[in-house]
Amino acid sequence: MKKIVLLVVLMLSTVSMAMASKDSRGVLLMSEEEWMNFYNQPGNDIPLCAIIGSLKMEEGYIKDGKKMGETLAENKKRQRDISLALAGQGLKDVNQGNTKVHELYYAAVCKRFTDKEYNMVGSPSFKNEMERIFSEHQFEYDVTE
């Protein structure tokens with residue numbers, strides 16, 4: 001029994017170490033499947049969560065001074081394009097208009113991070129931005145169905 005427990009702990013620690021790899025800039029690296037799991041609520045597999053979350057993470061890294069593949073202006077334009085596409089599908093943010101609809105969507109559908117996950121990302125700007133999003137867009141769910 002002890003061998004089985006030790007084997008399970010070893011497997012879990014190996015998975016955790018694989019998820020936490022970073023490049024020379026300190027930017028978190030994962031496989032596509034790991035990113036999907038990272039940004040989605042357990043049991044969900046919504047590509048838009050990974051897209052919006054990745055843009056927000058890239059924005060955080062840029063604000064923290066890391067050299068990324070695009071500028072902050074280009075990143076913000078991509079986020080705005082997603083918001084406008086969501087607004088075109090009928091999703092509206094009555095408080096912030098059509099340019100922040102992606103944030104409303106993320107808060108409603110996607111995953112809120114733990115401190116351990118924020119530490120793994122290693123971007124104070126990303127943490128501040130995501131916490132702002134979740135504080136501005138709070139939802140109550142009826143789980144008694």
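Note that the structure is predicted; figures quoted are calculated from it, not measured.
Considering only heavy atoms from C-beta on, Ile82 comes within 4.5 Å of Leu55 through its side chain. Put simply, the side chain of Leu86 reaches to within 4.5 Å of the side chain of Leu48, judged on heavy atoms. Put simply, the side chain of Tyr118 reaches to within 4.5 Å of the side chain of Phe126, judged on heavy atoms.
Judged by the 6.0 Å distance and 45° axis criteria, Lys111 is positioned over the aromatic ring of Phe38.
For the side-chain contact (heavy atoms from CB on, under 4.5 Å) with Val109, the lone residue among Ile46, Asn40, Ile52 that qualifies is Ile46.
Taken to the nearest 0.5 Å, the OG atom of Ser123 stands 12.0 Å off from the NZ atom of Lys56.
Comment: Lys127 does not engage Glu131 in a salt bridge, judged by the lack of any side-chain N to carboxylate O separation of less than 4.0 angstrom. Salt-bridge formation is not detected for the pair Glu74/Arg78: no Lys NZ or Arg NE/NH1/NH2 atom is positioned less than 4.0 Å from an Asp or Glu carboxylate oxygen. Looking at Lys100 and Glu103, a side-chain N of the basic residue comes within less than 4.0 Å of a carboxylate O on the acidic one, giving a salt bridge. Using a 4.0 Å cut-off between charged nitrogen and carboxylate oxygen, Lys66 and Asp64 do not count as a salt-bridge pair.
Closest of all the heavy-atom pairs between Ser125 and Gly60 is CB-O, 3.5 Å. Nearest approach of Leu28 to Trp35, heavy atoms of both residues: O-CZ2, 3.4 Å. Here the closest non-hydrogen pair linking Asn119 and Lys22 is O-NZ, 4.2 Å.
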